[in-house]
Trainee: 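I am attaching a structure below and will ask some questions about it afterwards.
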Amino acid sequence: MRTPIAKVTPGLEHAKVVGFVHEIRDLGGLTFVLLRDRTGILQVTVPKKRVPPGVAEAVRSVSRESVVVVSGKIAATEKAPGGRELVPSSFEVVSRAESPLPLDVAEKVPAEIDTRLDVRFLDARRPRIAAIFEVRSAVLHEVARFLHRHEFVQITTPKIVAAATEGGTELFPIAYFEKEAFLNQSPQLYKQMMMGAGFEKVFEIGPIFRAEEHNTTRHLNEATSIDVEASFADQEDVMHLLEDLVSSCYGHVAATCADALGRGGFEPLDVPRTPFPRLPYTEAIEIAADGIEEPIGFGDDLSPAAERAIGEEMGGHYFVVDWPTAIRPYYAMPYDDDPSLCRAFDLMHPRMELSSGAQRVHDHEMLERQLVAKGLDPASFEFYLRPFRYGMPPHAGWGLGVERFVMTMLGLSNVREAVLFPRDRHRLVP
RNA sequence: GCCCAGGUAGUGUAGUGGCCUAUCAUGAUGCCCUGUCACGGCAUCGACUCGGAUUCGAAUUCCGACCUGGGCGCCA
């Protein structure tokens, strides 16, 4: 039976291990082969004169990153990494790797992200990269667990939609038989319709598509969104839910990914403390105005420079609340006493925006008015507006970008690092 | 979409008109080497994105194409 490398301890007598050849150091009569599986690295020590001839020959001819099956005696020794080494009685090359490699998995020579993404399967063999995706998996697992525990129903909604229903961002057009269709930018309208269906609490984890021609380290054209919507809830309720979820994800990653983070060279995570500060938009603008060169005032969106200036001031996660109605989508609920402000919020990490949400407009007439105010035609929103005429509970929700969440959690410099196969302005393959 | 930067061995780089038969590292191949952990030593292999122009001479200057990175705009 095969033993994962992390389980190969000095106390074992014999083990069979499988993995990739990470490095070969041939000292002449003695060869060290570092064998890597996803749990760690094991030194295979080959004294040429004291192993079967077939083993010595296989070790001599094997190439880096080949897949091998090795079994032999485990010896406890101070001289080997991890305090143990394997002296092989058999060394079988299952799949020989071509040479030269398009990427140095052992990380002696760095590679640019573009080179790395071209051969992502090799890039992902690096413990640091594997750790990122172990963390991403743990985050998604915890999100689902957390929301299920809070009695949310997981839904999936169409990614092929009929029209550019929300305005704003550009959509990718596709051919849908004889009709024109688009890739969906957000499950927003669908999750709201499910409030009309009486599901009360829903969430979706799924892809969203944005046809923006940006070229930055924090934008993707295909991203993964965690979307939540809850009935009989206001913006404060869903902000509580969001900050608890964020904190809970950090906690779960810290608890379950410590080994992977260590192998990948990441520092242990600090779990952010809740509640996160609530910074009113007007105060955020004041901080930004003091901190940046460009002029900024009420009614402006927060530029990346403004976000960084405010983030520096705040130091950790925070919410920007009470936004001008004019710069939020039509479905954000204005305050009764001052309709120029609305019940919308953004969740910010000091480096960038992670999530945005709001209490929604649930009144049919008000929703129609706001659509018109944004220059949209209510007629083309009929499928969305209809549920608002047959009993729509008050509701609130948010969307959280998985890639940015993982990126800020691990301090990654480029959002592409947080997706296996990113889709950006230029990349469609692999 | 606008702006900036860039494209040199498999990978990462040096190279601002002749000293380039192109640097260094890593890698691959061969030889030596029994405790390496970025093993060491010796030798060899391997590259100027493409097309045009200027010039006696272009990796280097200019024009175009293609490709890429980044910033901004935009991002319900």
Side-chain angles (χ1 to χ4, degrees), chain A residues 22-34 41-51 56 60-61 63-65 75 77-83 85 87 97-119 122-123 164-171 184-189 191-192 208-221 223 225 227 294 301-305 307-308 323 327-332 344 346 352-353 356-358 360 370-371 374 376 381 384 397-399 401 404 413-416 424-427:
Chain A
H22 188 67
E23 254 184 89
I24 304 165
R25 296 194 196 106
D26 185 352
L27 272 59
L30 183 66
T31 301
F32 299 102
V33 176
L34 300 188
I41 290 178
L42 173 68
Q43 175 166 297
V44 176
T45 302
V46 188
K48 281 182 190 158
K49 290 178 183 161
R50 293 195 280 120
V51 295
R60 198 195 63 77
S61 66
S63 57
R64 293 165 75 215
E65 294 304 319
T77 166
E78 305 252 318
K79 290 184 279 190
E85 64 187 9
V87 180
E98 272 183 32
S99 177
L101 296 163
L103 184 87
D104 178 18
V105 177
E107 299 183 305
K108 286 180 190 172
V109 180
E112 293 192 350
I113 188 144
D114 199 47
T115 305
R116 292 171 42 208
L117 292 175
D118 281 340
V119 284
L122 272 182
D123 185 48
T165 45
E166 291 184 56
T169 192
E170 295 293 317
L171 301 189
N184 205 181
Q185 69 189 87
S186 153
Q188 179 64 30
L189 306 187
K191 62 182 185 172
Q192 285 193 261
I208 56 173
F209 304 91
R210 311 252 161 125
E212 300 290 341
E213 296 193 357
H214 32 220
N215 184 23
T216 78
T217 52
R218 60 188 188 284
H219 287 100
L220 294 164
N221 293 292
S225 175
D227 262 273
E294 315 93 80
D301 224 320
L302 299 179
S303 67
E307 288 180 358
R308 283 190 296 271
W323 287 72
I327 57 171
R328 299 299 287 208
Y330 56 84
Y331 48 73
D346 279 0
M352 69 187 79
E353 176 189 332
S356 63
R360 322 298 192 185
Q370 299 223 355
L371 276 167
K374 298 280 179 188
L376 298 164
F381 288 77
Y384 165 65
W398 42 257
R404 286 187 175 189
S413 59
N414 192 321
V415 72
R416 295 171 180 88
D424 61 33
R425 177 68 186 82
H426 299 291
R427 182 171 288 279

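Numbered from 1 within each chain, the chains take letters A, B, ... in sequence-line order.
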Trainee: Can you find a side chain N or O atom of A:Lys108 that sits less than 4.0 Å from OP1 or OP2 on B:A25?
Mentor: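 So the side chain of A:Lys108 is outside the cut-off, no N or O lying under 4.0 Å from OP1 or OP2 of B:A25.
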Trainee: Quick one: A:Asn215 CG to B:C3 C1', roughly how many Å, whole number?
Mentor: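 Distance check: A:Asn215 CG to B:C3 C1' gives 12 Å.
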Trainee: A:Val109 side chain: which of B:G69, B:A76, B:U11 is closest?
Mentor: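 Side chain of A:Val109 sits closest to B:U11.
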Trainee: Between A:Asp114 and A:Arg416, does any side-chain N to carboxylate O distance fall below 4.0 Å?
Mentor: no
Trainee: Just how far, in rounded Å, is P of B:G12 from CD1 of A:Ile113?
Mentor: 12 Å
Trainee: With a 3.5 Å cut-off and just heavy-atom distances, do the side chain of A:Asp104 and the base of B:G27 make a donor-acceptor pair?
Mentor: no
Trainee: Now, which nucleotide makes the Watson-Crick or G-U wobble pair with B:A76, with each of the two distances under 3.5 Å?
Mentor: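 Looking at the geometry, B:A76 pairs with no nucleotide.
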Trainee: Hydrogens and angles aside, do A:Thr77 and A:Glu85 bring a side-chain donor and acceptor to less than 3.5 Å of each other?
Mentor: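 Their side chains do not contain a donor-acceptor pair, so the 3.5 Å distance test is not met.
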Trainee: Regarding A:Glu107, tell me which of base, sugar-phosphate or nothing describes its non-hydrogen contacts under 4.0 Å with the strands shown.
Mentor: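 It contacts nothing in the nucleic acid.
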Trainee: Determine the Euclidean distance between corresponding P atoms of B:A5 and B:G64; express it in Å to zero decimal places.
Mentor: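 Per the computed distance, 15 Å lies between those P atoms.
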Trainee: Any chance the side chains of A:Tyr384 and A:Gln192 put a donor and an acceptor closer than 3.5 Å?
Mentor: yes
Trainee: Measure all distances between protein nitrogen or oxygen atoms and nitrogen or oxygen atoms of nucleotides 34-37 of chain B, and list the pairs falling under 3.5 Å.
Mentor:
unit_1	atom_1	unit_2	atom_2	d
B:U34	OP2	A:Gly29	N	2.8
B:G35	N1	A:Glu85	OE1	3.1
B:G35	N1	A:Glu85	OE2	3.1
B:G35	N2	A:Gln43	NE2	3.4
B:G35	N2	A:Glu85	OE1	2.6
B:U36	O2	A:Arg25	NH1	3.1
B:U36	N3	A:Gln43	OE1	2.7
B:U36	N3	A:Gln43	NE2	3.3
B:U36	O4	A:Gln43	OE1	3.3
B:U36	O4	A:Gln43	NE2	3.0
B:U36	O4	A:Lys79	O	2.3
B:C37	O4'	A:Arg25	NH1	3.0
B:C37	N3	A:Lys79	O	3.4
B:C37	N4	A:Lys79	O	3.1

Trainee: Specify the separation, in whole Å, of atom CZ of A:Arg116 and atom C1' of B:G69.
Mentor: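 Checked: the CZ to C1' distance equals 14 Å.
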Trainee: Over all strands shown, is A:Arg64 touching base, sugar-phosphate only, or nothing at heavy-atom distances under 4.0 angstrom?
Mentor: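 Sugar-phosphate contact only - A:Arg64 comes under 4.0 Å of backbone atoms but never of a base.
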Trainee: Distance check needed: B:C72 P versus A:Met352 CE, whole Å only.
Mentor: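 About 11 Å, once rounded to whole Å.
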Trainee: In whole angstrom, what separates A:Gln185's CD from B:C74's P?
Mentor: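 These atoms are roughly 16 Å apart.
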Trainee: How far, in whole Å, is B:G7 from B:A43 if one measures between their C1' atoms?
Mentor: 32 Å
Trainee: In whole angstrom, give me the gap between the P atoms of B:A28 and B:C39.
Mentor: 11 Å
Trainee: Using a 4.0 Å heavy-atom cut-off, does A:Thr217 contact any base of the nucleic acid, only the sugar-phosphate backbone, or nothing at all?
Mentor: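 Sugar-phosphate, no base atom in range.
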Trainee: Between B:C72 and A:Arg218, is there an OP1 or OP2 to side-chain N/O distance shorter than 4.0 Å?
Mentor: yes
Trainee: Between A:Gln370 and A:Tyr331, is any pair of side-chain heavy atoms under 4.5 Å apart?
Mentor: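 Side chain of A:Gln370 against side chain of A:Tyr331, heavy atoms only: no contact under 4.5 Å found.
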Trainee: To the nearest Å, how far apart are A:Asp424 CG and B:G71 C1'?
Mentor: 15 Å
Trainee: Please determine, for B:A53, whether a Watson-Crick or G-U wobble partner exists with both distances under 3.5 Å, and give it or none.
Mentor: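 For B:A53, the partner nucleotide comes out as B:U61, under the 3.5 Å rule.
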Trainee: Under 4.0 Å from OP1 or OP2 of B:C75: is there any side-chain N or O of A:His219 that close?
Mentor: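 For A:His219, the contact criterion (side-chain N or O under 4.0 Å from OP1 or OP2 of B:C75) is not met.
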Trainee: Given that A:Pro100 and A:Arg308 both sit by RNA chain B, which one's nearest nucleotide is further toward the 5' end?
Mentor: A:Pro100
Trainee: Report which part of the nucleic acid A:Asp26 touches: base, sugar-phosphate, or nothing (heavy-atom distance under 4.0 Å, all strands).
Mentor: base
Trainee: Using the P atom in both, what is the distance from B:A9 to B:C50, to the nearest Å?
Mentor: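 Pairwise P distance, B:A9 against B:C50, rounds to 10 Å.
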Trainee: What is the distance, rounded to the nearest whole Å, between atom NE2 of A:His426 and atom P of B:G70?
Mentor: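 Distance, rounded to whole Å: 9 Å.
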Trainee: For a 4.5 angstrom cut-off between non-hydrogen side-chain atoms, does A:Tyr330 reach A:Leu376?
Mentor: yes
Trainee: When rounded to the nearest Å, what value does the distance between C1' atoms of B:G18 and B:A25 take?
Mentor: 28 Å
Trainee: When you get a sec, tell me which of B:C74, B:G12, B:G73 is the closest nucleotide to the side chain of A:Ser303?
Mentor: B:G73
Trainee: If we take the C1' atom in both B:C3 and B:G10, what is their distance in whole Å?
Mentor: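 Straight-line distance between the two C1' atoms is 34 Å.
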Trainee: I want to verify a distance call: between B:G69, B:A76, B:G12, whose nearest atom is closest to the A:Asp114 side chain?
Mentor: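 Taking heavy atoms from C-beta onward, the closest nucleotide is B:G69.
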Trainee: Please check the phosphate of B:G70 (OP1 and OP2 only) for any side-chain N or O of A:Asn414 closer than 4.0 Å.
Mentor: yes
Trainee: In whole Å, what separates the P atom of B:U16 from that of B:U49?
Mentor: 15 Å
Trainee: Answer yes or no: does a side-chain N or O of A:Arg60 lie under 4.0 Å from OP1 or OP2 of B:C31?
Mentor: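 Checking B:C31 against A:Arg60, no side-chain N or O comes under 4.0 Å of OP1 or OP2.
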Trainee: If you measure from the Lys or Arg side-chain nitrogens to the Asp or Glu carboxylate oxygens, is any gap between A:Asp118 and A:Arg427 under 4.0 Å?
Mentor: yes
Trainee: Is there side-chain contact between A:Leu302 and A:Trp323, with heavy atoms separated by less than 4.5 Å?
Mentor: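 With C-beta onward as the side chain, the pair touches.
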Trainee: Hey, is CD on A:Glu294 packed in by over 12 heavy atoms from elsewhere, all under 6.0 Å?
Mentor: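 More than 12 within 6.0 Å, yes.
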Trainee: Across all strands, who's sitting opposite B:A43 as a Watson-Crick or G-U wobble pair, both distances under 3.5 Å?
Mentor: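 Partner of B:A43: B:U29.
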Trainee: What is the base-pairing partner of B:U13, counting Watson-Crick and G-U wobble geometry with both distances under 3.5 Å?
Mentor: none
Trainee: Does A:Arg360 have a side-chain nitrogen or oxygen under 4.0 Å from the phosphate oxygens OP1 or OP2 of B:A76?
Mentor: no
Trainee: Check A:Arg116 with A:Asp104, please: is the shortest side-chain N to carboxylate O separation under 4.0 Å?
Mentor: no
Trainee: Can you check the distance between B:C20 and B:C63, where both ends of the measurement are the C1' atom (answer in whole Å)?
Mentor: 25 Å
Trainee: So which nucleotide does B:C66 pair with, by the Watson-Crick or G-U wobble rule with both distances under 3.5 Å?
Mentor: B:G7
Trainee: Do the side chains of A:Glu23 and A:Lys108 get close enough for a salt bridge, i.e. N-O under 4.0 angstrom?
Mentor: yes
Trainee: May I have the distance from A:Ile24 (atom CD1) to B:U26 (atom C1'), rounded to whole angstrom?
Mentor: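 In whole Å, B:U26 C1' and A:Ile24 CD1 are 15 Å from each other.
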Trainee: Judged by each residue's nearest nucleotide on RNA chain B, which is more toward the 5′ side, A:Ser61 or A:Thr115?
Mentor: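 The 5'-side residue here is A:Thr115.
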Trainee: Does B:C2 have a Watson-Crick or wobble mate here (both distances under 3.5 Å), and if so which one?
Mentor: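 Paired with B:G71.
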Trainee: Under the 3.5 angstrom rule, does the side chain of A:Lys191 hit a backbone N or O of A:Trp398 as a donor-acceptor pair?
Mentor: yes
